[in-house]
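Here is the structure we will look at, set down as structure tokens.
Order of the sequence lines sets the chain letters (A, B, ...), proteins ahead of strands, with each chain counted from 1.
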2 protein chains.
Amino acid sequence: MTSAAERDGDTGGRERDQISLSTIRRLSRYYRVLETAAEEDLTHISSNQLAERNGVTSAQVRKDLSYFGTFGKRGLGYPVRELRDEILHILGMDHQWPVVLVGAGNIGRAMIDYVEFRRRGFFIVAAFDVDPRKLGISYKGVPVFPMFRLPEVMQTHEVEIGIVAVPALSAQRVCNQLAESGVKGILNFAHTRLIVPPGIRVRTVDMSIEMETLVYVVNKNGSFPLD
Amino acid sequence: MTSAAERDGDTGGRERDQISLSTIRRLSRYYRVLETAAEEDLTHISSNQLAERNGVTSAQVRKDLSYFGTFGKRGLGYPVRELRDEILHILGMDHQWPVVLVGAGNIGRAMIDYVEFRRRGFFIVAAFDVDPRKLGISYKGVPVFPMFRLPEVMQTHEVEIGIVAVPALSAQRVCNQLAESGVKGILNFAHTRLIVPPGIRVRTVDMSIEMETLVYVVNKNGSFPLD
DNA sequence: AATTGTGAACCTCTTCACAGCT
DNA sequence: AGCTGTGAAGAGGTTCACAATT
């Protein structure tokens, strides 16, 4: 367990004590703009352009990037392709990530269909479900297995990431099974807070909460930024 | 247009200048705990209990609630049912919200299937799609209409909230159509930043970003809280 | 004795502003 | 002249700690 004491060195960059979640999320968005810019054969891009297309300030862009190194040229801006690849590396998206999906319902299938996902280097090696009617058949090339095969499949494909797309009541059980099979990160769509052993990271996407915050701002004219 | 100048009065509470997005999201979570507590016939609950079940501090809970009024009794805690209803009111969830859904693909159908959604007072009055094969038939009681009927249906049902569950390339167009039909808030599942006229609020749920942040923390042992 | 409500301290993230390169 | 990189200032959100209340 290489604990969080890898401050400097590694990427050759001056990685800061603690990068914020917001910075990482923005990096992910900068990447998209850079992807487009690269397709348009733009060679350089300024923090300003990057900022405008993301609804943030240019200082924010420069600060975010500065946590990881110095990629720009003063007077010129940032080299598009280079920065794009750099961000890819920072995010850890410079290689493929095998993923298991638990729950072959609508959300599960939506994840399988999600082209952007595959394009980003995630590939779902298998789905798992308890519903016998879903087993055996494969959806868009993704086989659907019974739960008991989870540990085996995860080991074989060296899977570290799992998606939980089951009803709230089964979510914790599934989460435990993933944990036992050595998962490191879970994307949780269930309407529940998952309890996990230390070392495993969970990101919950809860559509009710998103809708409720939306309703709040619509209703009360709340004026904070939602994105 | 009742602008954001309704600081005090209204709920009889001392509504603060600006409530943060985080506070609203937490409120939404407190509500869930209170719902459960009410089912268990608990009459009072302390900020501590509320905090523990949400992974926050008790001071945070008290501060969050204090923005909207004083609901607790010192030495006793908060009255469960009363606080539950109060939060429901604050969030604007004390009545039903008709919603239109654009895109009857997997994510769209997942939203229709999402029981928690209906239970919270959102009901999808209709779905819209461009695929002729999907039109006419209804999914779980939700009719699927062609796009041109959007304005009419939104007017009839006085819909203020729309869900965008179409591919990235169509998202902005759909968003414009929603805007023209008088939408106030949009929940966007497309992998794009939507540009909207002022006054319309957009909440984007981008699964790629969620996965990428997850990968970052898994990969780099990032240690910030993900939830 | 227990627990709230809240000003003040603290911490974290964002923006400013400008020196330093190209 | 243009634009980055960054220390310092500013804003915003969280936690502390304690008086007030039941």
Side-chain angles (χ1 to χ4, degrees), chain A residues 4 13-27 29-30 34 37 42-80 82-83 86-87 213 222-227, chain B residues 12-27 29-30 34 37 42-80 82-83 86-87 213 222-227:
Chain A
R14 59 229 58 177
E15 259 180 66
R16 201 211 191 123
D17 247 333
Q18 182 58 300
I19 310 294
S20 81
L21 174 61
S22 320
T23 292
I24 297 302
R25 294 174 74 89
R26 281 190 298 265
L27 239 41
R29 293 215 200 81
Y30 302 156
L34 290 164
L42 219 62
T43 64
H44 287 78
I45 193 167
S46 68
S47 57
N48 230 308
Q49 295 171 286
L50 227 26
E52 273 171 14
R53 305 189 192 183
N54 276 293
V56 296
T57 68
S58 65
Q60 182 73 81
V61 172
R62 295 198 298 279
K63 188 65 90 178
D64 283 339
L65 295 175
S66 79
Y67 296 145
F68 300 96
T70 65
F71 308 115
K73 287 217 190 323
R74 299 178 190 222
L76 243 177
Y78 299 89
V80 171
E82 222 175 291
L83 184 57
E86 205 66 55
I87 292 181
T213 56
S223 58
F224 44 66
L226 272 178
D227 264 300
Chain B
R14 61 228 58 178
E15 257 179 65
R16 201 209 189 127
D17 249 332
Q18 184 55 302
I19 310 295
S20 82
L21 175 61
S22 320
T23 293
I24 298 302
R25 295 174 73 89
R26 281 191 298 266
L27 240 41
R29 292 217 201 77
Y30 301 157
L34 290 165
L42 219 61
T43 64
H44 287 79
I45 193 167
S46 69
S47 56
N48 230 309
Q49 294 171 286
L50 226 26
E52 272 172 16
R53 305 190 192 183
N54 275 293
V56 296
T57 67
S58 65
Q60 183 73 82
V61 172
R62 295 197 298 278
K63 186 68 86 179
D64 282 339
L65 295 174
S66 78
Y67 296 145
F68 300 96
T70 65
F71 309 115
K73 286 218 191 326
R74 300 179 188 222
L76 242 176
Y78 299 90
V80 171
E82 222 174 291
L83 183 57
E86 204 67 55
I87 292 181
T213 56
S223 58
F224 44 67
L226 272 178
D227 265 298

Heavy-atom closest pair, residues B/Gln49 and B/His44: OE1-O, 4.4 Å
Pair of N/O donor and acceptor under 3.5 Å linking D/dG7 base with A/Lys63 side chain: yes
Proximity to the side chain of A/Ala59 - top-ranked nucleotide from C/dT14, C/dA17, D/dT14: C/dA17
Donor-acceptor pair under 3.5 Å, A/Arg74 side chain vs C/dT22 base: no
Under 4.0 angstrom between B/Ser47 side-chain N/O and C/dT4 OP1 or OP2: yes
Below 4.0 Å: OP1/OP2 of C/dC13 and any side-chain N or O of A/Ser22: no
Qualifying residue for salt bridge (charged side-chain N to carboxylate O under 4.0 Å, His left out) with A/Asp64, from A/Arg26, A/Arg25, A/Arg29: A/Arg26
Donor-acceptor pair present, A/Arg62 side chain and D/dG5 base, under 3.5 Å: yes
Phosphate OP1/OP2 of D/dT14: any B/Thr57 side-chain N/O under 4.0 Å: no
B/Tyr78 vs C/dG5: side-chain N/O to OP1/OP2 distance below 4.0 Å: yes
A/Ser66, nearest nucleotide to its side chain (from C/dT14, D/dT6, D/dT4): D/dT6
Closest approach of A/Pro79 to A/Phe71 (non-hydrogen atoms, all atoms of both residues): CD-O, 3.1 Å
Exercise: identify the closest heavy-atom pair between A/Tyr30 and A/Leu50: O-CD1, 4.3 Å
